[in-house]
Amino acid sequence: MNVNEESHIVEIWLTNAEKTSETVCQRLKPIFSVYKKQGYLVAVFESGDQDLAGLTSALLCENRTRLA
């Protein structure tokens with residue numbers, strides 16, 4: 001979990017095992033509540049199962065093509 005006090009954003013990064021765990025889900029609820037009351041945006045990032053490097057490369061190429 002990363003808390004950026006300047007931008008009021010909380011980043012929570014979950015592994016494949018954590019994203020399907022009911023225990024983890026229950027532990028996150030109070031965190032969401034606390035930070036929401038303080039005006040933070042809580043963003044949860046879940047690990048995927050696709051090729052990150054390949055997909056990122058394709059996205060960058062597509063963006064470059066659109067800007068050209």
Side-chain angles (χ1 to χ4, degrees):
M1 182 170 83
N2 298 316
V3 179
N4 186 320
E5 294 178 8
E6 187 176 305
S7 63
H8 277 76
I9 296 175
V10 178
E11 300 172 352
I12 299 174
W13 296 83
L14 302 178
T15 66
N16 281 322
E18 291 170 331
K19 73 181 183 182
T20 59
S21 167
E22 186 60 36
T23 302
V24 171
C25 208
Q26 292 303 319
R27 290 177 57 201
L28 290 176
K29 287 181 182 181
I31 294 171
F32 296 154
S33 179
V34 167
Y35 281 104
K36 184 176 179 180
K37 288 178 185 173
Q38 296 177 21
Y40 281 76
L41 171 68
V42 179
V44 178
F45 298 93
E46 298 178 347
S47 184
D49 56 5
Q50 295 180 338
D51 177 36
L52 179 61
L55 291 174
T56 302
S57 176
L59 177 62
L60 292 172
C61 289
E62 175 67 20
N63 288 344
R64 187 175 178 109
T65 301
R66 287 181 185 226
L67 292 174

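Note that these values count all heavy atoms, side chains included, but never hydrogens, waters or copies made by symmetry.
Formation of a donor-acceptor pair under 3.5 Å by the S21 side chain with backbone atoms of A17 is not found in this model. With hydrogens and angles disregarded, no donor-acceptor distance shorter than 3.5 Å links the side chain of S57 to the backbone of A53.
Listed by chain and number, the residues in a side-chain hydrogen bond (donor to acceptor under 3.5 Å, both in side chains) with Q38 amount to none (sequence neighbours excluded). Annotation: side-chain hydrogen bond (donor to acceptor under 3.5 Å, both in side chains) contacts of E6 (sequence neighbours excluded): none. Under the rule for a side-chain hydrogen bond (donor to acceptor under 3.5 Å, both in side chains), the partners of S7 that lie at least two apart in sequence or sit in another chain are N4. Shown here are the side-chain hydrogen bond (donor to acceptor under 3.5 Å, both in side chains) partners of E62, two or more places apart in sequence or in another chain: R66. In terms of the side chain to side chain contact (heavy atoms under 4.5 Å, CB included) criterion, T20 has no residue partners (sequence neighbours excluded). With sequence neighbours excluded, the residues forming a side chain to side chain contact (heavy atoms under 4.5 Å, CB included) with L14 are I12, E18, K19, V24, L28, V44, E46, listed by chain and number.
Note: L55 CG to L59 CG = 8.5 Å, rounded to the nearest 0.5 Å. Note: N2 CG to F45 CZ = 9.5 Å, rounded to the nearest 0.5 Å. The CE atom of M1 lies 5.0 Å from the CD1 atom of I31; values are rounded to the nearest 0.5 Å.
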Report task. Check the pair Y35 / L41 against side-chain contact (heavy atoms from CB on, under 4.5 Å), numbers first and verdict last. Result -> CA-CA 7 Å; Y35 281 104; L41 171 68; over 6 Å; no
Report task. Could you check T23 against R27 for side-chain contact (heavy atoms from CB on, under 4.5 Å), going step by step and ending with a plain yes or no? Result -> CA-CA 6 Å; T23 302; R27 290 177 57 201; 4.2 Å; yes
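When side chains are defined from C-beta on, V34 does not count as touching Y40, because their heavy atoms never get closer than 4.5 Å.
Listed here is the closest heavy atom pair of E5 and H8: O-ND1, 3.3 Å. Here the shortest heavy-atom pairing between G48 and N16 reads O-ND2, 3.7 Å.
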